[in-house]
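Within every chain, numbering begins at 1; the chains are lettered A, B, ... in the order of the sequence lines, protein sequences first and strands thereafter. The model shown is predicted, which means the values in this text are computed figures rather than measured ones. Because only heavy atoms are used, hydrogens play no part in the values below, and waters and symmetry mates are left out as well, while side chains stay in.
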2 protein chains.
Amino acid sequence: MSEPAPPSAPSSSGDVGARIRADIITGVHAPGTKLREVALAEQYAVSRIPIREALRSLEAEGLVESRKYSGSVVAPSPVEDAEDLFEIRIVLESATAKRAAKRASELNASDTPDLKWRELRKEISDILDAGDIVIGQERFEDLAVLNMRFHFAVAELSGSVSFISLLRQISGKIEWLYSLNVTRRGPQAWPEHREIMAAIDAGQEAKAAEVMARHVRRSRDSYFAMMSAEPPRTT
Amino acid sequence: MSEPAPPSAPSSSGDVGARIRADIITGVHAPGTKLREVALAEQYAVSRIPIREALRSLEAEGLVESRKYSGSVVAPSPVEDAEDLFEIRIVLESATAKRAAKRASELNASDTPDLKWRELRKEISDILDAGDIVIGQERFEDLAVLNMRFHFAVAELSGSVSFISLLRQISGKIEWLYSLNVTRRGPQAWPEHREIMAAIDAGQEAKAAEVMARHVRRSRDSYFAMMSAEPPRTT
DNA sequence: TGAGGAATATTTGCATACAATCTATACGCT
DNA sequence: AGCGTATAGATTGTATGCAAATATTCCTCA
C-alpha cells in the first residue's frame with residue numbers, strides 16, 4: 001500500500017487528543033520527548049485534565065509511554081517495528097478479507113438484502129472510482145486517504161468488530177510510519193484493490209485472503225525498498 | 001485453551017481502573033449498565049478524576065463504550081464476538097509462535113547468548129513444570145493463570161512488541177469470555193503447550209505456527225462445545 | 001389520550017487548587 | 001574526590017467547584 005491518514009480519527013476524549021496525536025505523527029513532538037502536562041496544557045490552551053485523558057488514550061494506542069509519577073514520553077519511532085506492523089496487517093487484513101468474502105457468498109445465497117452491507121459496498125465502489133480519478137490527475141496525496149478508507153471499509157465488510165477495533169489500534173503507528181517517508185506506490189496498488197474486491201464479491205474466501213496478503217506484502221516491500229534508498233529523518 | 005487471568009494487568013491509571021475492570025469481567029457491572037462517574041467515585045472511594053481516566057483506558061480496551069456528554073456503558077458481553085476473538089488469537093499467536101521459532105534458530109546459529117531470551121525460556125520451563133504439578137494436584141484454577149502466562153511468554157519470545165501489545169489489547173475480552181463459563185480443558189491443553197515449545201526450540205517455524213493454531217482452534221471448539229451444553233448466564 | 005415542547009434535573013466536561021511523589025541539586029561524611 | 005543522603009524544586013495524582021450539554025419530567029395543546 002501507500003497509506004497514511006486517519007480512518008475516522010480514533011480520537012481521544014476531546015479533539016485535543018487528536019491534535020496531540022497528529023503532532024506526534026508529524027514529528028512536532030519527537031520520539032523520546034517528555035510530554036509535560038502543564039506545557040501541553042498551555043500549548044493547546046486547555047487545562048491539564050483533558051490533556052491527561054488524551055495521554056491515556058494515546059498510551060493505549062502506543063504513541064506515548066507513561067509511568068506513574070514520572071510522566072509521559074513520546075514512544076520510539078515505529079520504524080523499528082515496521083516489519084511487525086506489516087505482518088500484523090497481513091494476518092489481520094487477510095482474515096477480514098476472507099470473512100468479507102464469506103459474508104458475500106452468504107448474502108448471495110440468501111434473498112434478504114443486508115442494508116448495511118450494500119451501503120458499505122457502494123462506498124467502496126465510490127472509493128475505487130475516486131481513486132482512478134485522482135490517479136488520472138496525479139493527485140497522490142488524496143490517494144493516500146482513499147487507500148486508508150478502502151482498507152477500513154473492507155474490514156467493516158467483514159462485520160467483525162473485534163478485527164476492526166484491532167486495526168484501528170495499530171492505525172496510529174501505521175500512519176506514523178508512513179508520515180516519516182511518503183511512498184509513491186499508490187497507482188500500482190490501486191488495481192490490486194479492485195482485485196481484492198472482485199475476490200470478495202465472488203465469495204472466494206481463500207483467494208480474497210491470499211490477494212489481500214500479497215497486496216500488503218507488496219506494500220511492505222515497497223516501503224522497505226524506499227527506506228533503504230532514502231532513510232527516514234531521525235527526529 | 002482454558003485461559004482467564006491477567007498477564008500483568010494491562011492496567012489503567014491507578015489500580016482503581018483494575019478494580020473496575022475486574023468488576024466488569026466478573027459481572028458486578030453487567031453489560032449495558034450505565035457507569036455514572038459519581039456513583040463509581042463513591043463506590044470506589046475516590047474522586048471522579050481517577051474514575052474518568054480509568055474509563056478512558058477501559059474504553060480503549062473495548063470493555064466500556066462512551067459518548068461525549070452521554071457517559072459510559074458497559075460493553076455488550078463478548079460472547080457474540082467469541083468467534084472473532086478466537087480467530088484473532090489464531091492469527092496473532094501462530095504468527096508469534098512462528099517468529100519465536102525463527103529467533104530460536106537464529107540464536108542457535110549464532111554463538112552470542114541472548115540473555116533476555118534465556119530468561120524467558122527458563123520462565124516458560126518453570127510454567128510448564130508448574131502446570132504438570134497443579135494438574136497432578138487437580139488445582140485447575142491455578143492452571144488457568146499459568147496458561148495465560150504461558151501464552152504471553154511465548155509472545156514475548158517472539159520479541160515483537162507490537163504483537164504483544166495487540167494480544168494485551170484483547171486479553172481483557174478473552175478473560176471476560178472465560179469468566180462467563182469456566183472450561184475444564186486445562187489438562188488436555190497442557191501437553192500441547194510442550195509440543196508448541198518443542199517446535200519453537202527446534203526452530204521449525206511452519207510447525208510452530210501450525211501447532212499453535214491447532215491448539216487455539218481446539219480451545220475454541222472446546223469453548224463452544226461447553227457453551228452449547230451450558231449457556232452463559234445472561235447478566 | 002397522545003404528541004410536542006419547554007423547563008427542570010441530572011450528568012458529563014473542564015478549570016482551579018491542593019497533596020503525594022519523583023528528581024535534581026547541594027551538603028556532609030568517609 | 002567520591003558516594004550516600006537530605007533537602008528543595010518540579011511534576012504528576014487527586015479533590016473540589018462550576019459551566020456546558022444531555023436526559024427527564026411535566027405541562028400544554030390538538
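The CD atom of A:Glu53 sits 9 Å away from the C1' atom of C:dC14 (whole-angstrom rounding). With rounding to whole Å, B:Ile49 atom CD1 is found 9 Å from D:dT16 atom C1'. Nucleotide C:dG13 holds its P atom 13 Å from the CG atom of B:Leu35, rounded to whole Å. Distance B:Asp15 CG to D:dG13 P: 13 Å, rounded to the nearest Å. In this structure, CZ of B:Arg48 is placed 10 Å from C1' of D:dT16, rounded to the nearest angstrom. Whole-Å rounding puts the B:Glu42 CD to C:dT11 P distance at 11 Å.
Under the 4.0 Å criterion applied to side-chain N and carboxylate O atoms, B:Arg220 and B:Glu87 are not assigned as salt-bridge partners. Salt bridge A:Arg19/A:Asp15: absent, no basic N to carboxylate O contact under 4.0 Å.
Residue whose closest nucleotide on DNA chain C sits further toward the 5' end, between A:Val46 and B:Lys34: B:Lys34.
With 3.5 Å as the limit, one finds a donor-acceptor pair spanning the side chains of A:Ser160 and A:Arg99. A:Ser72 and A:Ser66 share a donor-acceptor pair across their side chains, judged by distance under 3.5 Å alone.
Note on B:Ile51: nothing from the nucleic acid sits closer than 4.0 angstrom, heavy atoms only. Contact annotation for B:Leu55: no contact, since no heavy-atom pair falls under 4.0 Å across all strands.
Distance from the side chain of A:Arg36 is smallest to D:dT11 among D:dA15, D:dA23, D:dT11. Listed nucleotides C:dT12, D:dA23, D:dG13 differ in distance to A:Lys68; the shortest reach to its side chain belongs to D:dG13. The A:Ser47 side chain lies nearest to C:dT16 when the options are D:dA23, C:dG13, C:dT16. For A:Ser70, the listed nucleotide lying nearest its side chain is C:dT23; candidates were C:dG13, C:dT23, D:dA23. Of the candidates D:dG13, C:dT23, C:dC14, D:dG13 carries the atom nearest the A:Glu37 side chain, counting heavy atoms from C-beta on. Comparing atom distances between the B:Tyr69 side chain and each of D:dA23, C:dC14, C:dT12 picks out C:dT12 as nearest.
In this structure, A:Arg56 reaches the D:dG13 phosphate: one of its side-chain N or O atoms is under 4.0 Å from OP1 or OP2. Side-chain nitrogen and oxygen atoms of B:Arg67 include at least one within less than 4.0 Å of the OP1 or OP2 phosphate oxygen of D:dA23. Taking side-chain N and O atoms only, B:Arg52 has a distance below 4.0 Å to OP1 or OP2 of C:dG13.
Ring geometry for A:His193 versus A:Phe150: interplanar angle under 30°, hence parallel rather than tilted (30 to 60°).
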